Amino acid sequence: QVQLVGLGGGLVQAGDSLRLSCVVSGRTFSSQSVGWFRRVPGKEREFLAAISQNGIGKGYANSVKGRLTISRDNAKNTVYLQMSSLKPEDTAVYYCAAATTLSSNLYYTTDRSYNYWGQGTQVTVSS
């Protein structure tokens with residue numbers, strides 16, 4: 001079993017930066033690809049970014065490319081999502097998710113590809 005805990009959400013002002021953390025425990029973290037998603041009430045869950053096992057493969061949604069950076073520290077079992085130039089429309093609950101991948105460079109961009117999910121962390125951006 002894999003457990004994920006998303007941390008780092010909060011209330012920030014437009015233009016601020018924020019770093020979210022996803023701590024993964026259970027199975028071997030180094031075999032997991034990890035993704036970040038967000039959900040606004042009344043809307044579908046939106047893919048943001050994903051990173052492969054080895055940290056080399058990375059993918060971003062076009063809507064956030066340039067403002068988000070995903071990274072991982074396998075020694076700390078943690079994946080980070082650095083967000084900059086935050087906007088009020090970035091207000092949402094942010095989720096991290098993990099999936100076991102056979103290829104070290106593989107990552108997924110669809111939520112149905114992920115087996116394990118964190119509890120979500122709220123990010124609120126005020127104007």
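Since the model is a prediction, treat every value here as computed from it, not as a measurement.
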Donor-acceptor contacts under 3.5 Å from residues 117-124 side chains, at least two apart:
from	atom 1	to	atom 2	distance (Å)
Q119	OE1	G6	N	3.2
Q119	NE2	G6	O	3.1
T121	OG1	G9	N	3.1
Q122	NE2	A92	O	3.4
Q122	NE2	T124	OG1	3.3

Shortest non-hydrogen contact from [X] to [Y]?
{"X": "S21", "Y": "T78", "result": "CB-CG2, 4.1 Å"}
{"X": "I70", "Y": "W36", "result": "CD1-CD1, 3.7 Å"}
{"X": "Q3", "Y": "Q1", "result": "NE2-CG, 3.2 Å"}
{"X": "S63", "Y": "E46", "result": "OG-OE2, 3.2 Å"}

Linking I/L/V/M/F/W/Y whenever any side-chain heavy atoms sit under 4.5 Å apart, do [X] and [Y] land together?
{"X": "V93", "Y": "L68", "answer": "no"}
{"X": "V79", "Y": "V23", "answer": "no"}
{"X": "L20", "Y": "F47", "answer": "no"}

Just how far is it from atom [atom1] of [X] to atom [atom2] of [Y], taken to the nearest 0.5 Å?
{"X": "N77", "Y": "L4", "atom1": "CG", "atom2": "CG", "answer": "10.5 Å"}
{"X": "R72", "Y": "I51", "atom1": "CZ", "atom2": "CD1", "answer": "6.0 Å"}
{"X": "L81", "Y": "C96", "atom1": "CG", "atom2": "SG", "answer": "10.0 Å"}
{"X": "K58", "Y": "N105", "atom1": "NZ", "atom2": "CG", "answer": "12.5 Å"}

- Task: Could you tell me which residues satisfy side chain to side chain donor-acceptor pair (under 3.5 Å) with S52, sequence neighbours excluded, listed by chain and number?
- Result: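 Checked S52 against side chain to side chain donor-acceptor pair (under 3.5 Å); matches are N54.
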With sequence neighbours left out, the residues meeting side chain to side chain donor-acceptor pair (under 3.5 Å) with D111 are R45
From the list F37, Y95, Y94, side chain to side chain contact (heavy atoms under 4.5 Å, CB included) partner of L48 resolves to Y94
Item checked: Residue among L18, D16, V12 satisfying side chain to side chain contact (heavy atoms under 4.5 Å, CB included) with M83 ->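 Filter result, single survivor: L18.
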Q: State which residues pass side chain to side chain contact (heavy atoms under 4.5 Å, CB included) with E89; sequence neighbours excluded, sorted by chain then number.
A: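 Only K87 meet the side chain to side chain contact (heavy atoms under 4.5 Å, CB included) criterion with E89.
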Residue set satisfying side chain to side chain contact (heavy atoms under 4.5 Å, CB included) with T101, at least two apart, ordered chain then number -> S33, Q53, L106, Y108
*With R19, which residues qualify under salt bridge (Lys or Arg N to Asp or Glu O under 4.0 Å), at least two apart?*
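Counting only residues at least two positions away or on another chain, R19 forms no salt bridge (Lys or Arg N to Asp or Glu O under 4.0 Å).
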4.5 Å side-chain heavy-atom contact, D90 and R38: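 In short, these two side chains touch, coming nearer than 4.5 Å.
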*With the side chain counted from C-beta on, respond yes when S71 and Q82 share a heavy-atom pair under 4.5 Å apart, and no when they do not.*
no
Check the side chains of [Y] and [X] for a donor-acceptor pair under 3.5 angstrom, ignoring hydrogens and angles.
{"X": "S113", "Y": "T110", "answer": "yes"}
{"X": "Q32", "Y": "T100", "answer": "yes"}
{"X": "S127", "Y": "Q13", "answer": "no"}

>> Taking the cut-offs as 6.0 angstrom to the six-membered ring centre and 45 degrees off its axis, would you call R67 and Y60 a cation-pi pair?
In response: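 Judged by the rule, R67 and Y60 form no cation-pi pair.
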Ignoring hydrogens and angles, tell me if any N or O in the side chain of S31 forms a donor-acceptor pair with the backbone of F29 under 3.5 Å.
no
